[in-house]
Participant: 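Provided herewith is a single structure, encoded as structure tokens, for subsequent inquiry.
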Protein chains: 2
Amino acid sequence: MTSKPVDLYLQPGTQDRTQITRNALVVTALKLFGTKGFDATSTRQIADASGANIAAISYHFGSKENLRIEVARSVAAHMGQHGPVRASADMDNEAIQGLSPEQARSMIRQHIKIALDRDSLGPLADDILQFFHVEMTQESPVVDILFDNALKHSHERMCRLVSRLNGEAWDSEKTKVAALMIFAQVMVFDLVRPVVLRSMGWDKIGPQERDTILDAAWIN
Amino acid sequence: MTSKPVDLYLQPGTQDRTQITRNALVVTALKLFGTKGFDATSTRQIADASGANIAAISYHFGSKENLRIEVARSVAAHMGQHGPVRASADMDNEAIQGLSPEQARSMIRQHIKIALDRDSLGPLADDILQFFHVEMTQESPVVDILFDNALKHSHERMCRLVSRLNGEAWDSEKTKVAALMIFAQVMVFDLVRPVVLRSMGWDKIGPQERDTILDAAWIN
DNA sequence: TTCAAAATTTCAATCGATTGATTTAATCGG
DNA sequence: CCGATTAAATCAATCGATTGAAATTTTGAA
């Protein structure tokens with residue numbers, strides 16, 4: 001329950017049966033929850049697709065709902081260490097204070113570019129982010145896990161950067177909304193992908209399409 | 001199947017039993033699908049909450065999936081006639097051609113303001129838009145209905161307006177993405193409301209909060 | 001080091017409950 | 001009275017979860 005989250009990527013030489021099973025269940029659930037949704041995914045589908053027995057879910061995680069939480073903890077932990085969130089940890093608040101508006105703007109652009117970049121998340125990047133996006137739209141215990149561990153810090157850093165641009169306090173309502181809107185611009189294209197594909201005439205949102213999106217993002 | 005969509009708002013004096021039952025089922029399903037999601041909503045919940053019998057769903061719509069589609073058709077029809085989509089129908093393409101950048105910018109702002117305004121959709125506005133948003137995130141037959149009847153036209157108008165600003169062709173990829181991003185800025189706050197509430201420290205997204213969002217929207 | 005006992009993990013089978021949908025009979029309005 | 005509609009009962013299928021036994025791994029005394 002309160003133990004270390006399951007690693008989304010097992011080190012190649014792992015022999016531990018338990019670890020392998022738990023990883024398979026979490027990764028499979030990550031994919032199915034992200035694509036079909038939590039409610040539309042049955043425990044049997046997860047078990048079959050991960051090569052485990054149905055009872056394994058109850059045994060290792062207690063319940064389907066707990067598996068969902070474990071997936072969220074794994075995702076949050078992984079993003080915190082390797083993903084876009086990690087990038088914001090490199091700057092400290094005092095350094096931002098001294099930034100010129102032009103420097104801040106540049107860092108914001110870089111920040112957004114990293115947020116769009118999926119390479120840092122590994123081969124599961126698409127699955128991780130799809131799960132992330134889906135869960136963000138629903139009120140559930142999972143939101144708190146993702147927000148506290150992967151969003152809060154990143155948003156605050158963005159607020160401090162935006163503050164250098166608009167001159168307002170970093171924790172003012174205006175600044176906070178502006179910071180959210182910067183993330184929103186690139187995030188929304190994944191959130192409403194079905195509509196985006198139809199509007200744009202695309203058949204997927206790949207690296208090329210993401211460049212187009214990034215070019216259109218407004219950071220002024 | 002190919003008949004007129006169910007009216008979301010019955011005229012007060014309606015006596016027609018059939019019409020009343022169908023309306024109750026559609027409105028109830030609209031609310032439940034929007035809040036709990038399609039998969040997490042059972043036909044019994046819909047029947048109970050709407051005061052109808054379980055068999056009524058099969059009788060009137062054929063299946064739960066067909067009820068979902070009927071809800072989408074009703075929502076699309078209602079938005080097309082009364083909602084934000086309607087606003088874009090007032091301008092024609094030739095008029096937009098002659099707009100100065102400054103005029104276009106003003107119309108875009110107005111367009112967005114209308115898209116944020118929920119009064120035109122009536123008392124069910126929140127339910128309608130929540131259903132709308134949820135369905136936009138999932139690949140389903142419903143997306144096509146909503147896109148074709150409520151989004152396509154509105155997006156094209158926005159493209160033509162944006163075209164007056166950036167000087168590019170209205171159907172260029174750059175313009176189309178930019179137009180999407182304008183909608184995205186205000187839409188995303190409803191899509192990821194759970195995260196927005198936590199980030200902003202809000203307990204709801206009401207008219208006041210929407211004003212704050214609108215002020216932060218970038219149209220340059 | 002050896003090997004049986006103990007603990008852990010997996011397995012097939014099954015639990016009661018609920019799902020979407022259907023059937024049959026009663027009820028309603030015209 | 002008749003067709004339209006509803007109500008109650010029930011369908012097979014699937015849901016999440018549990019069971020006890022089998023298989024596997026770990027442990028500990030000799």
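To find a chain, count down the sequence lines: A is the first, B the second, and so on, and within it residues start at 1.
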Participant: Tell me the interatomic distance from A/Tyr59, atom OH, to C/dT10, atom P, rounded to whole angstroms.
Facilitator: 7 Å
Participant: Could you tell me how far apart B/Gln19 (CD) and D/dA4 (C1') are, to the nearest whole angstrom?
Facilitator: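 To the nearest whole Å, that distance equals 16 Å.
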Participant: Would you mind reading off the distance between A/Lys64 atom NZ and D/dT14 atom C1', rounded to a whole angstrom?
Facilitator: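 Roughly 12 Å, once rounded to whole Å.
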Participant: Would you call the rings of B/His111 and B/Phe183 parallel, tilted or perpendicular, taking 30° and 60° as the class edges?
Facilitator: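 Judged by the thresholds at 30° and 60°, the geometry between B/His111 and B/Phe183 is perpendicular.
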Participant: Verify the contact: side-chain N or O of B/Thr18 to OP1 or OP2 of D/dT5, cut-off strictly under 4.0 Å; return yes or no.
Facilitator: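 B/Thr18 to D/dT5 OP1/OP2: side-chain N or O found under 4.0 Å.
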Participant: Verify whether one side chain among B/Thr18 and B/Thr21 offers a donor that lies under 3.5 Å from an acceptor in the other.
Facilitator: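 No, no side-chain donor-acceptor pair sits under 3.5 Å.
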Participant: Between A/Arg198 and B/Asp144, is there a salt bridge with N-O shorter than 4.0 Å?
Facilitator: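 Here B/Asp144 pairs with A/Arg198 in a salt bridge, since their nearest N and O are under 4.0 Å apart.
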Participant: What's the CG-P distance between B/Leu32 and C/dT19, to the nearest Å?
Facilitator: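 So the two atoms are 12 Å apart, to the nearest Å.
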Participant: Check the distance between D/dG16's C1' and A/Phe33's CZ and give it to me in whole angstrom.
Facilitator: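 It is 12 Å, rounded to the nearest whole Å.
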Participant: Kindly say whether, by distance alone, the side chain of A/Arg44 makes a donor-acceptor pair under 3.5 Å with the base of D/dG16?
Facilitator: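 Answer yes: a donor N or O sits under 3.5 Å from an acceptor.
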Participant: State yes or no: are the ring centers of B/Tyr9 and B/His78 separated by less than 6.0 Å?
Facilitator: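 Judged by ring-centre distance (under 6.0 Å), B/Tyr9 and B/His78 do meet the cut-off.
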Participant: Given atom CD of B/Glu65 and atom P of C/dA21, what is their separation to the nearest angstrom?
Facilitator: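 Atom-to-atom, B/Glu65 to C/dA21, this comes out as 9 Å.
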Participant: So does A/Thr43 get a side-chain nitrogen or oxygen closer than 4.0 Å to the phosphate oxygens (OP1/OP2) of D/dG16?
Facilitator: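 Checking D/dG16 against A/Thr43, a side-chain N or O does come within under 4.0 Å of OP1 or OP2.
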Participant: Which whole-number value in Å describes the distance from B/Asp48 CG to D/dA7 P?
Facilitator: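 The answer, rounded to whole Å, is 11 Å.
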Participant: Would you say a side-chain N or O of A/Asn53 is under 4.0 Å from OP1 or OP2 of C/dA12?
Facilitator: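 A/Asn53 to C/dA12 OP1/OP2: side-chain N or O found under 4.0 Å.
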Participant: Mind calculating the distance between CG (A/Leu25) and P (C/dT10) to the nearest angstrom?
Facilitator: 9 Å
Participant: Counting only side-chain nitrogens and oxygens, does B/Ser63 get under 4.0 Å of the OP1 or OP2 atom of C/dG20?
Facilitator: no
Participant: Are more than 12 heavy atoms from other residues, nucleotides or ligands located less than 6.0 Å from atom NZ of A/Lys36?
Facilitator: yes
Participant: Establish, with yes or no, whether the OP1 or OP2 oxygen of C/dA21 is under 4.0 angstrom from a side-chain nitrogen or oxygen of B/Ser58.
Facilitator: no
Participant: In terms of the nearest nucleotide of DNA chain D, which residue is placed more toward the 5' end: A/Ile54 or A/Arg17?
Facilitator: A/Ile54
Participant: Does B/His60 make a side-chain N or O approach to OP1 or OP2 of D/dT6 shorter than 4.0 Å?
Facilitator: yes
